[in-house]
Each structure stands twice: as structure tokens, then as C-alpha cells.
Amino acid sequence: MSQEFQNRLFPGLPQIARHFGTPFHIYDETGIRQTAQELKTRFSPLPATFQEFFAVKALPNPSILAIMADMGFGFDCSSVPELVLSRQAGARGGLIMFTSNNTTRSDFQAAAAHGGSILNLDDITLIDKLADIPELISFRYNPGPGRTGNEIIGNPVEAKYGVSTDQIEDAYRIMRDKGTRRFGLHTMLVSNERNHAYMVETVQMLLEMIDDLSAALDIEFEFINMGGGLGIPYHPDDQPLDLTAMADQIIGVYRRYKDRKGRAPALYMESGRYMTGPHGVLVTRAINRKDIYRKYIGVDSCMSALMRPGMYGAYHHIDVLGKSEETHPVEVVDVVGSLCENIDKFAVQRPLPKIDMDDLIIIHDTGAHGHAMGFNYNAQLRPQELLLKSDGSVERIRRAETMADYFATLDTEAARLDV
């Protein structure tokens with residue numbers, strides 16, 4: 001969470017909490033637009049087309065997608081509902097990348113409808129599930145032992161994603177022989193990576209791969225997609241990704257490639273977390289204190305609103321509104337929710353200013369994989385989402401779930417079969 005976001009949000013937060021109630025995720029339109037513009041600006045000297053495809057899975061809210069569409073971004077989708085959301089935001093055809101895995105025939109039919117999407121196949125066997133042979137095809141490449149991943153997405157050799165090195169040429173040969181004439185190449189090897197050099201190496205790897213495939217199959221590639229995975233500094237001591245260095249070095253790789261080849265493929269990227277993660281927070285209220293072997297602060301939210309700390313042991317910084325370690329006594333506490341799971345903790349043994357009941361607690365960097373990863377275990381209901389707009393107003397962009405929502409899927413009508 002940037003200092004600028006804090007300056008915009010914190011003064012009005014008590015009023016926002018009184019009006020809308022807690023808990024809620026709130027996102028910063030100004031910050032999202034600034035990050036989007038910076039990405040476009042940094043890659044503007046690229047000697048080829050540059051296109052960002054926002055990863056819908058990070059924050060699948062129509063109001064956020066509308067901002068991305070307004071910035072000229074496409075959408076990276078992994079499911080049919082994400083396709084629908086993207087089309088509702090106005091995207092069509094070449095501005096939708098459908099990258100799914102273990103995909104059904106009906107999913108591919110949905111992706112091909114309404115002007116189609118760029119199909120990015122995760123497996124060579126998926127070719128037989130295509131409803132029609134597309135004019136343009138891409139495959140997700142998994143280099144296996146040729147590269148290392150990171151702790152979130154895992155070792156490429158162990159990852160379920162992508163076409164292996166010994167399959168990739170056959171995959172494109174099959175599609176060429178079936179009549180496809182336009183081609184792209186994709187990979188996605190890391191998640192939340194703040195080492196910009198890794199991303200530069202990925203671009204270099206993809207360019208080398210399309211050279212090999214073009215020579216072997218006599219085809220040309222319209223684009224490479226370096227995937228997403230750009231990281232953000234969740235911990236105050238984390239060094240941020242050096243976007244300027246990354247862009248400059250990738251542009252240098254591209255210029256040398258174009259000088260050698262006379263042309264260069266478009267460069268696609270599918271960032272999600274980097275675009276919205278720092279521009280969202282979860283606001284929750286302290287409702288209980290428990291002193292046993294540890295001190296616990298109970299809040300009116302739980303893991304159903306933010307599962308990363310429980311699932312990954314991920315760190316999310318926490319502020320107590322109006323209090324700081326410099327001005328208030330500090331306690332070491334666990335900040336916990338009401339889920340009947342011991343991993344339902346937003347912070348473990350965290351030094352924080354002494355928290356009183358009704359204090360507002362701000363959990364940073366929930367603008368990606370926060371609400372989107374929510375669930376309903378213990379019949380917990382996911383919270384509302386708000387947008388702090390560039391004009392200073394606050395708008396509810398998703399209401400909180402209700403018990404009626406939870407029970408709606410139990411209305412099975414006449415779904416019965418006697419056998």
C-alpha cells in the first residue's frame with residue numbers, strides 16, 4: 001500500500017466504515033490507473049506492439065475491468081465466467097487470451113463464441129477438443145529443467161501447466177497441418193517475482209524458442225507472451241520490482257532481435273497482482289480480545305475474505321487506524337478471524353500498537369487474490385467491495401454476500417433421476 005493511497009484513504013476511513021459497515025475490501029482507482037499508465041509508458045519504446053492482458057483472476061470485478069479496458073488493456077481469462085466478465089467489459093477477439101487447463105469441449109466452444117478469443121492451449125491433447133481449427137493458436141510452454149520457478153508457482157518440472165520441450169514442436173506442427181496460419185507462444189513460470197532479471201531471461205528464452213520453431217516448421221510468430229508473475233513488496237523491507245530496469249533490458253533484447261531478424265513479434269504480458277495488489281486493502285474492525293498462552297485480537301472478518309496468510313503463510317502488513325508504534329504501546333498479538341480453523345490468522349506474533357475494541361484494522365495489499373480467492377467454509381459470507389474513485393467519492397462495487405446467496409444453490413427444482 002503506497003503512502004499516496006494511505007493519504008487518500010485514511011482521513012475519511014472512519015466515515016466510510018460508518019456508512020458502509022465493516023468488513024470490506026476497498027480499491028484505489030487513482031493508484032490502479034497510475035500503475036497501468038506507468039507500465040504502458042515504460043514499454044512505449046519497444047520496437048514492436050506491446051499489450052497488457054489483465055489477469056482477471058486477480059480481481060474479477062466489473063468496475064475494475066472497466067478501468068483496465070479504459071486503459072487499453074486486454075484480459076487474460078482462465079474460465080468461462082471470466083470470459084463473460086471480459087466481454088461485458090467490452091473486450092473481444094484479440095483482446096481476450098483464454099489460458100485454461102484441463103479444459104472441456106464446452107469451454108472451448110464458449111471461448112470461440114462472440115468473435116472468439118486467442119486460444120492458448122495448456123496441453124497438446126487439448127487440440128482434439130477444439131470445436132473448430134482457429135486461424136490463430138498459442139501454446140503455453142513449460143521448459144521443465146531448463147528453468148527454475150519460485151516457491152509460489154513451483155518447480156516447472158513439477159508444475160501441471162504447459163507443453164513440455166519435447167512436445168512443443170509437434171504441437172505447432174499439428175496445428176499447422178490442420179490449417180492454422182497464425183501463431184503465438186506463451187509461458188508463465190513464476191508468481192510474485194521481484195527479480196526483474198528473471199523476467200528478462202524469460203523474454204530471451206521465448207525469442208530463442210520461436211526462432212527454433214520457425215526454422216523447423218517454416219512458420220512465423222505474431223507474438224510472445226511472457227506471462228505475468230510481476231511481484232509486489234508485501235513486507236515494508238521488501239525491495240520492489242525495478243520496472244524501469246526490466247523494461248529497459250527487455251527493450252534492449254528486442255532491439256537486438258529486430259536488428260538481426262528485420263522484424264520482431266508483439267510482446268504480450270498478463271499482469272494481475274502488479275496492477276491491483278498494492279491498490280487494495282481489507283478494512284476490518286476489532287471485536288474481541290483473548291489472552292491465553294498468546295494474545296489474540298479477533299476481528300469481524302476472517303480467512304474467507306483473505307486466505308493468503310492461512311494458505312501460504314503470506315505476510316500482509318497491518319495498520320491500526322490512528323495508532324503507530326511511535327505513539328502507542330506495542331503488543332505482540334495474533335490477529336484472527338472467526339473461522340473454525342487454526343490457520344485463520346491474518347498475522348501471527350505481530351508487534352502492533354495496542355488494539356482496543358472497535359479499532360479499525362487495515363490489512364494491506366489485498367487488491368489481488370483477496371476477495372477473488374474467497375470461499376464459504378463454515379458458511380462464512382464474503383464481504384463487500386468498495387472503490388475509492390479518482391474524484392474522491394466511494395462507491396460500493398460489490399455488495400456483501402447474504403444468507404440468501406448461500407442458500408440459493410440449494411434450490412434444485414426438479415433435479416431428480418430415478419434409476
Side-chain angles (χ1 to χ4, degrees), residues 39-40 42-53 55 74 76 94 97 99 118-122 124 136-150 153 156 159 161-173 175-176 180-191 193 195-230 241-271 274:
L39 187 72
K40 293 168 63 176
R42 295 301 178 199
F43 279 95
S44 60
L46 189 82
T49 299
F50 174 76
Q51 181 66 55
E52 156 72 2
F53 290 76
D76 167 57
M97 178 81 68
T99 304
I118 301 173
L119 297 183
N120 186 34
L121 301 190
D122 181 70
I124 193 170
L136 170 63
I137 200 72
S138 175
F139 284 93
R140 178 173 182 165
Y141 173 51
N142 180 338
R147 295 293 298 279
T148 58
N150 66 9
I153 207 167
Y161 305 110
V163 179
S164 66
T165 301
D166 61 358
Q167 295 173 334
I168 193 72
E169 184 177 318
D170 287 341
Y172 284 99
R173 178 181 289 108
M175 293 307 300
R176 181 202 64 183
T180 295
R181 292 292 176 262
R182 300 168 58 202
F183 302 94
L185 179 65
H186 168 278
T187 198
M188 175 76 180
L189 301 178
V190 288
S191 182
E193 180 60 64
N195 176 13
H196 74 273
Y198 188 97
M199 312 309 291
V200 179
E201 292 165 5
T202 296
V203 171
Q204 184 68 57
M205 177 195 75
L206 290 171
L207 290 173
E208 291 171 358
M209 176 58 72
I210 66 169
D211 278 354
D212 292 344
L213 292 169
S214 296
L217 301 173
D218 192 26
I219 60 176
E220 288 191 354
F221 283 79
E222 292 190 10
F223 69 83
I224 60 170
N225 186 333
M226 62 184 283
L230 304 187
L241 173 78
D242 191 338
L243 180 66
T244 300
M246 187 188 84
D248 287 348
Q249 291 176 30
I250 289 174
I251 289 167
V253 168
Y254 251 73
R255 284 175 174 162
R256 291 188 292 274
Y257 184 90
K258 188 172 184 179
D259 287 345
R260 189 171 73 254
K261 295 288 185 178
R263 60 175 297 277
L267 176 64
Y268 293 170
M269 182 186 296
E270 50 188 43
S271 299
Y274 189 81

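Remark: Asp259 does not engage Arg256 in a salt bridge, criterion side-chain N to carboxylate O under 4.0 Å.
Taking each heavy atom of Arg42 and Ile251 in turn, the nearest pair found is O-CD1, 3.4 Å. In terms of heavy-atom proximity, Tyr172 sits nearest to Phe139 at OH-N, 3.2 Å. Contact detail for Met226 and Leu267: the closest heavy-atom pair is SD-CD1, 4.1 Å. For the residue pair Ser138 and Phe223, the shortest heavy atom distance occurs at CB-CZ, 3.7 Å.
Under a cut-off of 6.0 angstrom, the local environment of CG in Asp166 is crowded, with over 12 non-hydrogen atoms contributed by other residues, nucleotides or ligands.
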* To do: Any chance you could lay out the side chain to side chain contact (heavy atoms under 4.5 Å, CB included) test for Arg263 and Glu220, step after step, and finish with the verdict?
  => CA-CA 11 Å; Arg263 60 175 297 277; Glu220 288 191 354; 4.0 Å; yes

* Would you check, one step at a time, whether the test side chain to side chain contact (heavy atoms under 4.5 Å, CB included) holds for Thr202 with Leu189? => CA-CA 8 Å; Thr202 296; Leu189 301 178; 4.2 Å; yes

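A donor atom on one side chain and an acceptor atom on the other are found under 3.5 Å apart for Tyr141 and Thr165. Tyr257 and Asp211 share a donor-acceptor pair across their side chains, judged by distance under 3.5 Å alone.
For the pair Phe221/Leu206, no side-chain contact is recorded, criterion being any heavy-atom separation below 4.5 Å from C-beta on. Contact check for Met188 versus Glu270: side-chain heavy atoms found under the 4.5 Å cut-off. Residues His196 and Thr244 fail the side-chain proximity criterion, which asks for heavy atoms closer than 4.5 Å. Considering only heavy atoms from C-beta on, Val163 stays 4.5 Å or farther from Leu121 through its side chain. Side-chain atoms of Val253 and Leu207, non-hydrogen and from C-beta on, do get closer than 4.5 Å to each other.
At distances below 3.5 Å, not a single donor-acceptor pair connects side-chain atoms of Tyr268 with backbone N or O atoms of Leu185. In this structure, Glu52 contributes its side chain and Ser271 its backbone to a donor-acceptor pair below 3.5 Å.
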